[in-house]
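Below you'll find the structure, written out as structure tokens, and then a few comments.
Reminder, nothing fancy here: chain letters follow the sequence lines and each chain counts from 1.
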Amino acid sequence: MKELRDLTRKLLADGDAGVVIGWEEGRRGARPAFITTPDDADKLIFDARCVHNLANYLNPRKPQVKALGKPAVVVKGCDAKAVAGLLREAQLTRDRVILIGVRCGGVVQTPEMPAELTEATVATRCYGCDVREPKLVDHLVGDARPEPPVTAALDRRIAELDALSPRERWQFWTSQLAKCTRCHACRQACPLCHCERCITDKTQPQWIESSSHLRGNFAWHLTRAQHLAGRCVGCGECERACPVGIPLSLINRKLQLVVKDLFDYTVTDDPEVPAPIGAYAVDDKQEFIE
Amino acid sequence: MAATDTPMKPDGFHPRITAFVCNWCTYTGADLAGTSRLQMASNVRIIRLPCTGRIDHMFIVKAFERGADGVIVSGCHPADCHYTAGNYHARRRFGVFRELMDFMGIDPQRVTFSWVSASEGAKWKDVVNETVARVAELGPFDAYHELAGDTVTGGEPAPGPFEAASGAETPDPLEELEVGR
Amino acid sequence: MSAATGTALFLSDENLGNLVAEIIAAGRRLVAPARDPQAAVGGSADYRYISSAAELAFGDSLPRMSLKGFFLPQSEVLFKWHRKGADVEIEAVPTEFPPQIVLGARPCDTAALEIVDQVMDWGLRDELWFGRRNATTIFNLSCPVEDASCFCHAVDLNPDATRAADGMLTPVPGGYLVESCTEKGAALVEGHKALFESGDTGAAAERSAAAAQYRAAARAKVAADLQIDTTRIKEWVGDHFDDEFWTALGPRCNGCAACASVCPTCHCFDIVDEPEGVGHGARRRNWDTCQTGVFTLHASGHNPRADQNSRFRQRVNHKFFIYPSRFGEVLCTGCGRCSRVCPEGQDLAEVLACIDELARA
Amino acid sequence: MNIYQPHLMNVVAVIDETPDTRTLRLQFKDPEVAAAFAFKAGQFGEYSVFGAGESTFCMASSPTRPEFIEASFKLAGKVTNELRQLNVGDTMGFRGPYGNTFPLEQWEGKNVVFIAGGIGLAPVRCVIWNVLDLRDKFGDVTIIYGARSVADLVYKRELEEWAGRSDVKLVTTVDPGGETPDWKGEVGFVTPVVEKTAPSVDNAVVVLCGPPIVVKMTLPVLAKLGFADDQVYTTLENRMKCGIGKCGRCNIGPVYVCKDGPVFTAAQLKGLPAEY
């Protein structure tokens, strides 16, 4: 912690960064912090409750963050994948951001939870994590942490759904998507949803109906998932932001598995590796095509 | 196209099929099927696009929204794309989208993906007939068409915030399972 | 300031189940906190149409969403249109609704309805809203108070308020103490009077003592947190539109608008036309929110609220300055849902405490 | 009554004003609605194309000519695009009139100065005809109107008519570069032309409307010419959906454009945050 705070003080004092974006203690657990003066550096914390993917604040369509100056962002390994996504998609240039990596031993599901990691509290995304020490960083702080407890709950649920008939899956998803109010919190919380104007906000033509009936909700969630295929870093922020509890991670994780199976691609924190959609191989699988 | 042997279920169900085809191969192939007077089902409405690379997954969604029971997406064979690589990109996207539809409970049998070249009039006939037969067997896609429901419900109360607008019964298929809990 | 006036009756747990069964058997729609059988996260309750007493979840935490969706559905048809050549026919929607009953509403959710009534009756009267309001009988559940994000006491309510309610249930050992406070409420009790035990039995005094104790404990719990003066806040917010306070708050907000979705008083909406094929379609009203960029975006591309700072400021302004200026009361019932649901830890109670501090200085 | 359900109107005339601006002349289908309908200068309505949605426009025609209403709109979004597809005989929807009005009764006996930029002439035109149709009740009438180019001037036939009237002083201007070889009017932005024209302050009121930039630039010039803030009226447009104070998006601080406006004096504008 001291390492992180000292670094923050130095970055701000030297004028290298205008704002350091990390985590602080809020009334309901950890939350994003925007540190703009060295004096506030001691507010910063890092523990297993720091679940937020702060790469979201690097979205170029956030004038209120841009106004604070050049950002230095604290990233876990999974967050660094999102930063790599932004770099890959030319939303950010590497010299416009300072990345402070933290070694991570897994996080809990919500920032209000106690920091103790158990099989019941650990976030599903930490299962199979391959970037517990982020590589795409300018500074790396913190000590190595022990492996988190393993939970394969998400993959288990996906397997259960896969085992059902299409009709049963349809019933499951209609009951889930009926709750959707189309607040688009899932989009806003997503670090990779950075479009200047989201397809669902476009009206000429209106591809996706904005009404929260099931027809509009299906069009939205199919499109959201499809647009994130091969791009989603699996941080789960969409599901955490959803005020009605739609299990969006099931869809995102399913597509991660699909992309792995079809294109042998796993989302990476190397911005030089192209995303699978937008690239192709001449010998891609095509058994589904007649 | 001749409107002869339209596959029909006994109840007279004629599936509505929307076909999104590329301008260079499949459209020409379909044209050839017509000029060759090949007999095929007349249930297919063709929408011509420059390339399969232009065909967005939302086209399929919109087709279902507006009443299609099945969809055909067809274009040039690999290596034949007029724009070099449009069909390769489409292949990746539809490979993913097909799995996504399946996962969300949209029977992928309702969507046919095919490569039909300009000379393959006979293949187009087969693709059409097979798709129509398969979708006829599946029945009308009312599940999708009625998603928004007839929400002007006369004296009925409007749906509550957690009810499907259609008011349709959604029995819980997962009661026995741990899914989504 | 509980306004429940009727004689307190006793409804045993068993008879609550019978009441539910009788209401449903009579063909009336019943809304109550109930578990989502397929809830993905936790076991949180929502207000739902229920079909049996087994679904009731009175003991659960505060329902995730407020009650507003039963009066202002997240998407509702305003009318349908049918094109006949160059002509258009309009198919109207009814503005009268069949009766529905809400059992176990939290006082903050019920009070919100009466607060929103004011804007719905401002100038032209919104009959779709009032049609549902008039058709609904609401019995509150005296609230045990959720957690430290609750602040109903700070906005002129309390955990056993009966504002806009037709009656209230207070948990006591073995069942509920039932008070009705309107004719509608009394009619509901009268319609099922065999289920209610009158107040003059020996156990009655014990029960009302238990109820009083329950309420006092809830009031004490909520009063322990957040001491603010909404009048002072109104003045400060009105006078400090350009204060840098707002610039400091905006960056954390990612504009997800989950706060507005769960808010019992956020009532802003969008109106959209949706074709349902060729030649006919529906005009719908959908929930909308000031937290999104497109909310105020002009067709010309000009946007009066171009960043999240100004959008968050609008939310606080509307609730604590604009609404009280117009209608004499804040557009907030202190339910705390916005703080609980915010993925980034933006906390309205904390914001209000800061403003109050600034206003005092 | 469902307050969101529009009245049906017939399109009785379509007038192209500029390449991207069009006026629709409308009549109520239901004679009872037509008979009961009345509005005052300054009010607005919600015009709908079924299938595209609703859009807000000020009344462009004068209440002194009640046999029809007119709306002028510039191609900008989904609804205006669909409005352009309408032909004579087509059906559209209308809700209104909503909002406050210009206090014409208070202006009787006064000189009236109209200043407009671009499509901003549409709401001003309503007041101009209202004043001209009751010509005896008002003093001098001055109209200063500017557009980007000659082609972008709206209501060209009416501009000619006003130019030919002896009881109207009309000054037209186009932005530098927007003039044609035979252009006889001024060349320059509206604001300097107002300064040059220098309408008299005495016993006068000003009606000002245009894009936000024109309004923001011209207000100080009017102050410099000596106009008091309560002598200057303008009409604002913010994004609206319901038009009746419920949908919650047109407010500028505590003021709702749909209910408290759209007509504001410069004095009122000064008390508001700059969120418009």
Side-chain angles (χ1 to χ4, degrees), chain A residues 19 21 23-24 26-34 36 51-52 56-57 59 61-68 109-112 172 175-176 179-189 197-198 201 203 206 209-213 215-216 237 239-250, chain C residues 36-42 44 46 64-65 69 73-77 147-149 247-248 250-262 270 272-275 282 284-289 291-294 297 306-310 312 337 339-347 349-350:
Chain A
V19 57
I21 307 176
W23 293 272
E24 67 182 15
R27 291 194 349 140
R28 299 187 68 91
R31 68 176 179 189
F34 296 77
T36 51
V51 304
H52 319 71
N56 195 10
Y57 294 113
N59 180 330
R61 254 67 73 175
K62 290 193 185 293
Q64 65 278 5
V65 180
K66 268 189 169 171
L68 301 176
Q109 288 153 13
T110 68
E112 297 107 277
F172 173 74
S175 75
Q176 290 298 329
K179 296 184 288 192
C180 176
T181 69
R182 298 296 294 287
C183 66
H184 302 124
C186 45
R187 172 190 71 190
Q188 294 300 117
R197 191 154 182 191
C198 177
D201 287 336
T203 56
Q206 184 108 35
E209 291 173 319
S210 60
S211 294
S212 56
H213 46 51
R215 195 175 63 202
E237 290 290 81
E239 181 171 299
R240 197 170 64 80
C242 179
V244 297
I246 298 169
L248 294 167
S249 288
L250 285 175
Chain C
D36 175 357
Q38 299 185 357
V41 281
S44 65
D46 272 316
R64 190 168 41 191
M65 303 290 275
Q74 61 188 42
S75 179
E76 81 175 309
V77 173
D147 59 25
S149 290
T247 355
R252 181 177 295 125
C253 175
N254 70 20
C256 81
C259 48
S261 269
V262 298
D270 190 11
V272 297
D273 271 30
E274 289 176 349
R284 291 191 168 89
R285 155 157 82 175
N286 300 325
W287 288 2
D288 202 353
T289 155
Q291 295 308 293
T292 64
V294 291
L297 183 66
D307 62 18
Q308 211 57 39
N309 300 339
S310 57
F312 190 77
R337 282 191 181 87
S339 305
R340 290 182 200 102
V341 81
C342 180
E344 314 297 7
Q346 192 86 300
D347 191 322
E350 183 187 9

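- Looking only at heavy-atom pairs under 4.5 Å with chain C, the residue among C183(A), P243(A), S211(A) that has the most is S211(A).
- Residue contact with chain C, scored on non-hydrogen atoms closer than 4.5 Å, involves the side chain of R215(A) exclusively.
- Chosen from A349(C), A257(C), G293(C), G255(C), the residue pairing most often with chain A at heavy-atom distances under 4.5 Å is G255(C).
- With a threshold of 4.5 angstrom between heavy atoms, C253(C) approaches chain A through N, CA, C or O but not through any side-chain atom.
- The part of H184(A) that comes within reach of chain C is its backbone (N, CA, C, O), which places non-hydrogen atoms under 4.5 angstrom from that chain.
- Of the atoms belonging to C198(A), not a single heavy atom falls under 4.5 Å from chain C.
- Highest contact tally toward chain C, considering only Q109(A), R197(A), K66(A), is held by R197(A) [criterion: heavy-atom pairs under 4.5 Å].
- Looking only at atom types and distance, the side chain of S149(C) has a donor-acceptor partner in the side chain of R28(A) under 3.5 Å away.
- A side-chain N or O of E274(C) and one of H213(A) form a donor-acceptor pair less than 3.5 Å apart.
- Residue R337(C) does not touch chain A at all, counting heavy-atom pairs closer than 4.5 Å.
- Of the atoms belonging to D307(C), heavy atoms from both backbone and side chain fall under 4.5 Å from chain A.
- Using a 4.5 Å cut-off between heavy atoms, A148(C) contacts chain A through its backbone alone, with no side-chain atom that close.
- In terms of heavy-atom pairs under 4.5 angstrom with chain C, the leader among V51(A), V19(A), T181(A) is T181(A).
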